[in-house]
Protein chains: 2
Amino acid sequence: MSGGVEWGLHCCVVLSGAGEPVPAAKLAELHDVSPSYLAKQLQLLSRAGLVRSTLGQSGGYVLTRPASEITVLDVVEAIDGAVPAFRCTEVRQRGPLATPVEECTTPCPIARVMDSADNAWRQSLRAVTVADLVSEVGRTTPAETLSLARAFLRS
Amino acid sequence: MSGGVEWGLHCCVVLSGAGEPVPAAKLAELHDVSPSYLAKQLQLLSRAGLVRSTLGQSGGYVLTRPASEITVLDVVEAIDGAVPAFRCTEVRQRGPLATPVEECTTPCPIARVMDSADNAWRQSLRAVTVADLVSEVGRTTPAETLSLARAFLRS
DNA sequence: GATCCTATACTCGGATAGGCTATGTCCGAGTCACCAGGG
DNA sequence: CCCTGGTGACTCGGACATAGCCTATCCGAGTATAGGATC
């Protein structure tokens, strides 16, 4: 999985707390990551419609929906793509004993198992929203740090 | 995910049906894949202890355990490695508002969610054994093809 | 004092290089089976 | 007829190139703001 997913999730959490647009450069400084590369991830979030970009001075990124309506899966798929990790190449239809296409009416059992696992993974990520993450972060982070973060974003 | 996982699973299914050692070259011909690269995957299975290699004439690979005791997860981890897809870089401890290490007693919520999803994925793969795959393949494949496969392996 | 215009600085977006893992390939070391020769 | 030694071919195992994707970067197009001049 792409490492940018982690950054994207952290950014969503931060954006949820800030009521005003936050520039990509400020998010990068806050997380101490490459500004250029983070910009790429934010562009992916923008293409997926999760965040909205505002140009010009005092511009930046804002969430388009309430954090409670953005699942972790949304962010993961926006950055890593929605293609399943396993891709069946239909080995049954290859080689000297290739099963003809008309016989291949049922999906390959291996692909079925992999798809099932992939669905379980997605379901697990779909069950958690960014709002849940925000709540958890607020519970485990000192209040002082949170207010410092607010101040940092407004500066 | 590595594409070789699919080959490895197909090979385990085939090996389960053949009572005698099967050379890597024959498995590659049966599945119409690169012999050299399939050899690499089989070596990974061998290192993981899932299959046992026999050298010399009429040698090849054999399963070390009954197919009912080999889970799909075993094969996946043998080939792709057992490292989780998501790697937490502890963003909290970076940047100008870095939380000191002594405050970071609870794991990052994002990592927690990702680990949970990863566990769900693994659990789903652990619930299916190679024997289940063999059963399913036997149910959806013409009996003639199966006997042809037996003959092909013995030739 | 209010309004309009201009210049500025700041924003995002897409096009552009580099590094690393996954893919694909090759050849050598080791081993078992077979066969010929001898007892 | 049985045993033994040698030969041969076949097997796996690890070391070696290649390609595609992830990582990282840069500069240009566009825009909201701030300030100043004008009415």
Side-chain angles (χ1 to χ4, degrees), chain A residues 1-8 11 15 18 20-29 31-64 76 78-81 83 85-87 89 153-155, chain B residues 1-8 11 15 18 20-29 31-64 76-87 89 91 153-155:
Chain A
M1 166 166 7
S2 169
V5 169
E6 187 181 11
W7 300 2
C11 285
L15 288 178
E20 54 189 359
V22 181
K26 200 160 279 291
L27 288 170
E29 187 186 357
H31 296 113
D32 187 27
V33 297
S34 162
S36 311
Y37 192 40
L38 182 63
K40 197 191 231 344
Q41 315 298 342
L42 290 170
Q43 284 170 32
L44 291 172
L45 293 179
S46 177
R47 284 186 195 172
L50 297 180
V51 301
R52 190 72 183 170
S53 64
T54 311
L55 261 60
Q57 198 158 333
S58 75
Y61 288 98
V62 191
L63 295 182
T64 57
V76 171
I79 293 181
D80 258 19
V83 292
F86 182 83
R87 171 68 188 162
T89 60
L153 292 178
R154 292 183 186 280
S155 69
Chain B
M1 164 165 10
S2 169
V5 170
E6 186 181 12
W7 301 1
C11 285
L15 288 178
E20 54 189 358
V22 181
K26 200 159 279 290
L27 288 170
E29 185 186 358
H31 295 114
D32 186 28
V33 296
S34 162
S36 311
Y37 192 39
L38 182 64
K40 197 191 237 328
Q41 315 299 340
L42 289 170
Q43 284 171 31
L44 291 173
L45 292 179
S46 178
R47 285 186 196 173
L50 297 180
V51 301
R52 190 71 183 169
S53 64
T54 311
L55 261 58
Q57 199 159 331
S58 75
Y61 288 97
V62 191
L63 294 182
T64 57
V76 171
E77 286 190 338
I79 294 180
D80 258 20
V83 291
F86 182 84
R87 171 68 189 163
T89 60
V91 176
L153 291 178
R154 292 182 184 282
S155 70

With heavy-atom distances below 4.5 Å as the criterion, would you say the side chains of B/C11 and B/H31 are in contact? yes
Quick one: closest heavy-atom pair of A/G60 and A/P21, and the distance? N-CB, 3.7 Å
Check whether any side-chain N or O of A/S53 sits under 4.0 Å from OP1 or OP2 of C/dG13, and answer yes or no. yes
Think A/S34 has a side-chain N or O under 4.0 angstrom from the OP1 or OP2 of D/dT25? yes
Looking only at heavy atoms, which two atoms of B/A78 and B/A48 are closest? And how far apart? CB-CB, 3.5 Å
Compile the donor-acceptor pairs under 3.5 Å between side chains in residues 37-45 of chain B and protein atoms, sequence neighbours left out, one pair per line.
unit_1	atom_1	unit_2	atom_2	d
B/Y37	OH	B/Q41	NE2	3.2

What is the separation between atom CH2 on A/W7 and atom C1' on D/dC22, rounded to the nearest whole Å? 11 Å
Sugar-phosphate, base or nothing in reach of A/G3, heavy atoms under 4.0 Å: sugar-phosphate
Does A/S2 make a side-chain N or O approach to OP1 or OP2 of D/dT23 shorter than 4.0 Å? yes
Just by distance, do the side chain of B/K26 and the backbone of B/S155 share a donor-acceptor pair under 3.5 Å? yes
Atom CD of B/Q57 and atom C1' of D/dC12 are separated, to the nearest Å, by 14 Å
Identify, between B/D80 and B/T54, the residue whose nearest nucleotide on DNA chain C lies closer to the 5' end. B/D80
Distance col, row B/W7:CH2 vs B/I79:CD1, nearest 0.5 angstrom, shows 10.5 Å
Could you state the CD-P distance from B/E29 to D/dC10, rounded to the nearest angstrom? 14 Å
Okay, side chain of A/T64, backbone of A/L50: is any donor-acceptor separation there less than 3.5 Å? yes
Contact residues, residues 37-52 of chain B to DNA chain C [heavy atom, < 4.0 Å]: B/Y37, B/K40
Nearest-angstrom distance from the residue atom CD1 of A/I79 to P of D/dC22: 13 Å
D/dG28 P sits how many Å from A/L55 CG, rounded? 17 Å
NA contact type, B/A24, heavy-atom cut-off 4.0 Å: base, sugar-phosphate, or nothing? sugar-phosphate
